[in-house]
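Reminder, nothing fancy here: chain letters follow the sequence lines and each chain counts from 1.
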There are 2 protein chains.
Amino acid sequence: MATKTAAERREEARQAFDAYFAECPSRKLLDRLSDKWVTLVLTALSQGPRRYSDLSRRIAGVSQKMLTQTLRVLERDGLVSRTITPSVPVRVDYELTPLGQSLMPLVSAIKSWAQEHIEDVEAARRRYDAA
Amino acid sequence: MATKTAAERREEARQAFDAYFAECPSRKLLDRLSDKWVTLVLTALSQGPRRYSDLSRRIAGVSQKMLTQTLRVLERDGLVSRTITPSVPVRVDYELTPLGQSLMPLVSAIKSWAQEHIEDVEAARRRYDAA
DNA sequence: CTGAATCCTTCTTGATACTG
DNA sequence: CAGTATCAAGAAGGATTCAG
């Protein structure tokens with residue numbers, strides 16, 4: 001059997017699509033922003049540098065694991081910088097980079113659209129659920 | 001023991017935060033947009049109405065289940081309308097509502113930032129990974 | 001204080017089979 | 001053509017524990 005089964009062809013198509021998909025810049029950005037904690041961390045840093053423990057307190061629901069993980073990702077992406085002060089106990093400050101700051105207007109735009117249109121969305125939901 | 005354990009207090013805080021968090025309009029919007037298929041469907045519909053099978057083909061990697069599920073959510077939120085033509089076989093068209101169209105500039109803005117800055121992000125990643 | 005490593009549960013999602 | 005229903009696999013996230 002030289003020909004491929006339908007399942008094999010579908011699988012190949014899916015993998016090709018996933019590969020293309022993973023490369024899409026807007027997709028990468030959305031994947032970042034959509035992370036539950038990313039926008040909260042960015043917003044918490046928008047007013048200036050914050051210590052790890054500050055962030056932990058300001059973002060009340062975050063676990064240590066997720067806060068650290070989020071900060072690592074943002075640092076790797078160049079959106080946030082990390083500064084260690086080797087005192088005892090050690091102190092670590094996080095701060096938005098210029099690149100990170102350039103992203104904030106977008107976060108604001110998302111916030112604006114949401115605030116302006118959330119009523120419409122919820123009204124639509126009520127209509128849909130009533131039907 | 002009238003006092004609560006630390007674990008209990010943490011759990012309460014987490015639940016309160018989650019409740020507040022779930023109510024946040026920008027969060028709701030981000031949760032929508034961040035869904036793997038939502039922006040793809042919106043973009044596919046941005047040029048006009050499309051049939052279910054059209055969407056299925058244009059968005060190569062999507063499964064029937066996820067396409068249907070995504071369309072249902074968007075319909076419920078009032079972003080997409082669904083029109084059934086009871087021919088044989090049946091024909092179903094999806095189209096952006098005005099509300100859905102009002103969201104597209106935001107999707108474009110995300111795309112723009114991503115395209116402009118993705119190089120910076122990837123350069124930052126290379127630096128981070130090299131260290 | 002700041003974090004890393006592990007376990008364990010929950011949620012998501014894709015494949016498959018079936019329907020009007 | 002346009003879905004619905006079900007199930008199993010994998011990813012994500014929280015709690016906990018240990019460390020510099």
Side-chain angles (χ1 to χ4, degrees), chain A residues 5-18 21-22 31-32 34-38 40-41 49-76 80-95, chain B residues 4-18 21-22 31-32 34-38 40-41 44 49-76 80-95:
Chain A
T5 67
E8 282 169 343
R9 279 197 304 276
R10 233 179 300 128
E11 174 63 9
E12 275 183 22
R14 196 187 61 75
Q15 286 181 9
F17 180 83
D18 284 353
F21 193 68
D31 281 346
R32 269 293 156 279
S34 71
D35 186 281
K36 184 174 180 183
W37 304 111
V38 164
L40 288 175
V41 170
R50 292 281 181 269
R51 298 184 57 172
Y52 180 88
S53 46
D54 285 339
L55 292 173
S56 182
R57 251 174 282 110
R58 293 168 69 92
I59 309 174
V62 73
S63 65
Q64 272 191 339
K65 175 181 174 178
M66 293 317 294
L67 179 55
T68 299
Q69 183 175 307
T70 302
L71 288 167
R72 287 293 168 282
V73 166
L74 294 178
E75 189 193 357
R76 186 170 108 99
V80 163
S81 65
R82 178 168 178 262
T83 309
I84 306 177
T85 306
S87 50
V88 178
V90 68
R91 168 193 180 123
V92 180
D93 286 272
Y94 292 92
E95 185 174 12
Chain B
K4 292 161 183 156
T5 67
E8 283 170 342
R9 280 197 303 276
R10 233 179 300 128
E11 173 62 11
E12 273 184 23
R14 196 188 60 75
Q15 286 182 9
F17 180 84
D18 283 354
F21 192 69
D31 281 345
R32 269 294 157 279
S34 70
D35 186 280
K36 184 175 179 182
W37 303 111
V38 164
L40 288 174
V41 170
R50 293 280 182 270
R51 299 183 57 172
Y52 180 90
S53 47
D54 285 340
L55 292 173
S56 181
R57 251 174 281 110
R58 292 169 70 93
I59 308 174
V62 72
S63 65
Q64 270 191 337
K65 175 182 175 178
M66 293 316 295
L67 180 55
T68 298
Q69 184 174 307
T70 302
L71 288 167
R72 288 290 171 282
V73 166
L74 294 178
E75 188 193 357
R76 187 170 107 97
V80 162
S81 66
R82 178 166 178 264
T83 309
I84 305 176
T85 305
S87 50
V88 178
V90 68
R91 167 193 181 121
V92 180
D93 286 273
Y94 293 91
E95 184 174 11

Quiz item: What's the spacing between R51(B) CZ and R58(B) CZ if we round to 0.5 Å?
Solution: 14.0 Å

Quiz item: Taking the side chain as C-beta and beyond, is there a heavy-atom pair between V80(B) and R82(B) under 4.5 Å?
Solution: no

Quiz item: Is R82(B) near enough to dG3(D) that one of its side-chain N or O atoms lies under 4.0 angstrom from OP1 or OP2?
Solution: yes

Quiz item: Taking atom C1' of dG14(C) as reference, at what distance in whole Å does atom CD of Q64(B) sit?
Solution: 12 Å

Pairs under 3.5 Å (N/O, protein and nucleotides 9-12 of chain C):
none

Quiz item: Once you round it to whole Å, what is the distance between P of dG3(C) and CG of L74(A)?
Solution: 13 Å

Practice problem: Respond yes when some side-chain nitrogen or oxygen of S53(B) is under 4.0 Å from OP1 or OP2 of dA2(D), and no when none is. | Solution: yes

Quiz item: Heavy atoms, side chains only, cut-off 4.5 Å: are E75(A) and R72(A) in contact?
Solution: yes

Practice problem: Would you please confirm or rule out a distance under 4.0 Å between OP1 or OP2 of dT2(C) and any side-chain N or O of R51(A)? | Solution: yes

Quiz item: What is the minimum heavy-atom distance between V41(B) and L74(B), and which atoms define it?
Solution: CG1-CD1, 3.8 Å

Exercise. Would you tell me if any nitrogen or oxygen in the side chain of R57(A) comes within less than 4.0 Å of OP1 or OP2 on dC1(C)?
Key: no

Exercise. Considering just the side-chain nitrogens and oxygens of Y94(A), establish if one lies under 4.0 Å of OP1 or OP2 belonging to dG3(C).
Key: yes

Self-check item: Spacing of NZ belonging to K36(B) relative to OG belonging to S34(A), to within rounding of 0.5 Å
Solution: 12.5 Å

Self-check item: Pairwise side-chain contact, V73(B) with R32(B), heavy-atom cut-off 4.5 Å (strictly under)
Solution: yes

Quiz item: Rounded to whole angstroms, how far apart are CG on L67(B) and P on dT13(C)?
Solution: 14 Å

Quiz item: V90(A) or Q69(A): which one's nearest nucleotide on DNA chain D is closer to the 5' end?
Solution: Q69(A)

Exercise. Check the distance between dG20(D)'s C1' and I84(A)'s CD1 and give it to me in whole angstrom.
Key: 12 Å

Quiz item: Per the end-axis method with five pairs at each terminus, what is the bend angle of the helix from dC1(C)-dG20(D) to dG20(C)-dC1(D), to 10°?
Solution: 40°

Quiz item: Can you check the W37(A) CH2 to dG13(D) C1' distance for me, whole Å?
Solution: 10 Å

Practice problem: For residues Y52(A) and L71(A), determine if any side-chain heavy atom of one lies less than 4.5 Å from a side-chain heavy atom of the other. | Solution: yes

Practice problem: Indicate yes or no for a side-chain donor-acceptor contact from T70(A) to the backbone of M66(A) under 3.5 Å, with no hydrogens or angles considered. | Solution: yes

Identify all pairs in which a protein N or O lies below 3.5 Å from an N or O of nucleotides 6-8 of chain D, and state each distance.
none

Quiz item: Hey, does D31(A) have a side-chain heavy atom less than 4.5 Å from the side chain of D35(A)?
Solution: no

Quiz item: How close or far is atom C1' of dG3(D) from atom CG of D54(B), stated in whole angstroms?
Solution: 16 Å

Self-check item: Nearest-angstrom distance from the residue atom CG of D93(A) to P of dG3(C)
Solution: 10 Å

Practice problem: With the side chain of Y52(A) defined as its heavy atoms from C-beta on, choose the nearest nucleotide among dG3(D), dG3(C), dC1(D). | Solution: dG3(C)

Quiz item: Of the non-hydrogen atoms in S56(B) and V62(B), which two are nearest, and what is the gap between them?
Solution: O-CG1, 4.4 Å

Quiz prompt | Under-4.0 Å side-chain N/O to phosphate OP1/OP2 contact, S63(B) with dT13(C) | solution = no

Quiz item: Nearest-Å distance, CZ (R50(A)) to P (dC1(C))?
Solution: 17 Å

Exercise. Evaluate the side-chain proximity of D54(B) to D93(B): yes if any heavy-atom separation is below 4.5 Å, no if none is.
Key: no

